[in-house]
Amino acid sequence: MTHYGKIKSYDSAKGAGMITPDKGGDALAFNKSDLQQQAQEPRADQRYGYDTRQIDGGKTHATNLQMEAGTSGSSAKQQS
């Protein structure tokens with residue numbers, strides 16, 4: 001199931017960040033390797049779709065992050 005949220009923070013030096021779920025709850029950690037478009041670094045407030053998985057200790061981690069269409073910042077939102 002795909003979830004949606006906004007990037008809370010991203011540290012390019014560490015290759016890690018946090019995403020805040022749209023539905024509320026704690027921000028989830030993710031790594032650069034979890035990004036579908038690894039060439040493009042996420043910025044705060046960009047909206048992404050993502051999956052979740054449990055990691056060591058039972059913590060939920062965001063994975064398979066993909067930028068939502070129309071949120072790159074330079075393109076206008078299009079709605080049908």
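None of the values given here were measured: they were computed from a predicted structure. Note that the numbering runs from 1 along the sequence shown for the chain.
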Exercise. Is a side-chain donor or acceptor of Q46 paired with a backbone partner of R43 at a separation under 3.5 angstrom?
Worked result: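 At least one qualifying donor-acceptor pair exists.
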For this session: Taking only Lys NZ, Arg NE, NH1 and NH2, and the carboxylate oxygens of Asp or Glu, determine whether K8 and D45 approach each other closer than 4.0 Å.
Result: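 D45 and K8: not salt-bridged.
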Approximate separation, where rounding is to 0.5 Å, of [X] [atom1] and [Y] [atom2]:
X	Y	atom1	atom2	answer
D26	K59	CG	NZ	9.5 Å
Q66	L35	CD	CG	10.5 Å
T60	H3	OG1	NE2	9.0 Å
D11	E41	CG	CD	9.5 Å

For this session: Determine the sole option in I19, N31, L28 for which the side-chain contact (heavy atoms from CB on, under 4.5 Å) test with L65 is passed.
Result: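 For L65, the side-chain contact (heavy atoms from CB on, under 4.5 Å) test succeeds with only one of I19, N31, L28, which is I19.
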Return the minimal non-hydrogen interatomic distance between [X] and [Y], and the atom names on each side.
X	Y	answer
F30	M18	CE2-N, 3.4 Å
Y4	G49	CD2-CA, 3.6 Å
Y48	Q37	CE2-OE1, 4.5 Å
A27	P21	CA-CD, 4.2 Å

Exercise. Is there a side-chain contact between T63 and T52 (heavy atoms, below 4.5 Å)?
Worked result: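 No, side chains not in contact.
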Exercise. Regarding D34 and H61, is there a side-chain donor-to-acceptor distance under 3.5 Å anywhere?
Worked result: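 H61 and D34 do have a side-chain donor-acceptor pair below 3.5 Å.
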